[in-house]
Amino acid sequence: MPFINISTSAKIEDKKKLLEEISILVSSLTNKSKRFVMAKLDDNYEMYFEDESPCCFLEIKSIGSLNPSEMAKPISEFVYERMGIPIDRTYISFEDVPASFWAWNGRTFG
């Protein structure tokens, strides 16, 4: 049930590959099955962060299993290595969602 939402001003050529790779990374960082990781990519967006250089904003939501202080660096490095966006041009928002607020397959998790 982890969800990662990527918004970037960069144009991503191989979107499917990027989504699969970030799903694997988030799965390993949260110790949750890749089967339940959902990833969304909005690329080539008009974004401004000090100037018009490429930037990225990631939202990561999960029922537990988030450790922002340990996850921020590998995710930022992933963005730099796969998308070419420097880590100082990337924001990441982490949100721990209560199980009773997250549904799948017609029912909530808690």
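If you're wondering where the values come from, they're calculated on a predicted model, not measured in any experiment.
Applying the side-chain contact (heavy atoms from CB on, under 4.5 Å) rule to Lys15 yields the partners Lys11, Ile12, Leu41, Asp43; only residues at least two apart in sequence or on another chain are considered. Partners of Tyr91 under the ring-ring contact (aromatic ring centres under 6.0 Å, His included) rule, at least two apart in sequence or in another chain, are Phe49. Shown here are the side-chain contact (heavy atoms from CB on, under 4.5 Å) partners of Ile85, two or more places apart in sequence or in another chain: Thr8, Ala10, Pro54, Cys56, Val79, Met83, Arg89, Thr90. For Thr30, the side-chain contact (heavy atoms from CB on, under 4.5 Å) partners two or more places apart in sequence, or in a different chain, are Pro2, Val26, Lys32, Ser65, Leu66, Met71. The side-chain contact (heavy atoms from CB on, under 4.5 Å) test applied to Ala99 returns Ile63, Phe109, not counting sequence neighbours.
No continuous path of hydrophobic side-chain contacts links Ile22 to Ile87 [ILVMFWY only; heavy atoms under 4.5 Å]. Residues Met1 and Leu29 are members of separate hydrophobic clusters, defined by side-chain heavy-atom contacts under 4.5 angstrom among Ile, Leu, Val, Met, Phe, Trp and Tyr. Note on Met38 and Trp104: same hydrophobic cluster, where clusters join Ile, Leu, Val, Met, Phe, Trp and Tyr whose side-chain heavy atoms are under 4.5 Å apart, directly or indirectly. By the criterion of side-chain heavy atoms lying less than 4.5 angstrom apart, applied directly or through intervening Ile, Leu, Val, Met, Phe, Trp or Tyr residues, Phe57 is not grouped with Ile60; the two fall into different hydrophobic clusters.
Under the 4.5 Å side-chain criterion, counting only non-hydrogen atoms from C-beta, Glu59 is not in contact with Phe3.
Under the 3.5 Å distance criterion, the side-chain polar atoms of Ser23 are matched with a main-chain donor or acceptor of Leu19. Remark: side-chain polar atoms of Ser9 are paired, donor with acceptor, to backbone N or O of Cys55 under 3.5 angstrom. Between the Tyr80 side chain and the Arg82 main chain, no donor and acceptor come within less than 3.5 Å of each other.
To the nearest 0.5 Å, the span separating OG on Ser53 from CE on Met47 amounts to 12.5 Å. Note that NZ of Lys40 and CD1 of Ile6 are 10.5 Å apart. Values are rounded to the nearest 0.5 Å.
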Evaluate Phe94 against Ile75 for side chain to side chain contact (heavy atoms under 4.5 Å, CB included), listing each step before the verdict. CA-CA 12 Å; Phe94 296 92; Ile75 292 169; 4.3 Å; yes
Starting from the C-alpha separation in whole Å, work towards a yes-or-no answer on side chain to side chain donor-acceptor pair (under 3.5 Å) for Ser7 and Asn5. CA-CA 7 Å; Ser7 300; Asn5 185 16; 4.5 Å; no
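Within the structure, the salt bridge (Lys or Arg N to Asp or Glu O under 4.0 Å) test picks out the following pairs touching residues 93-110 (sequence neighbours left out): Lys61-Glu95.
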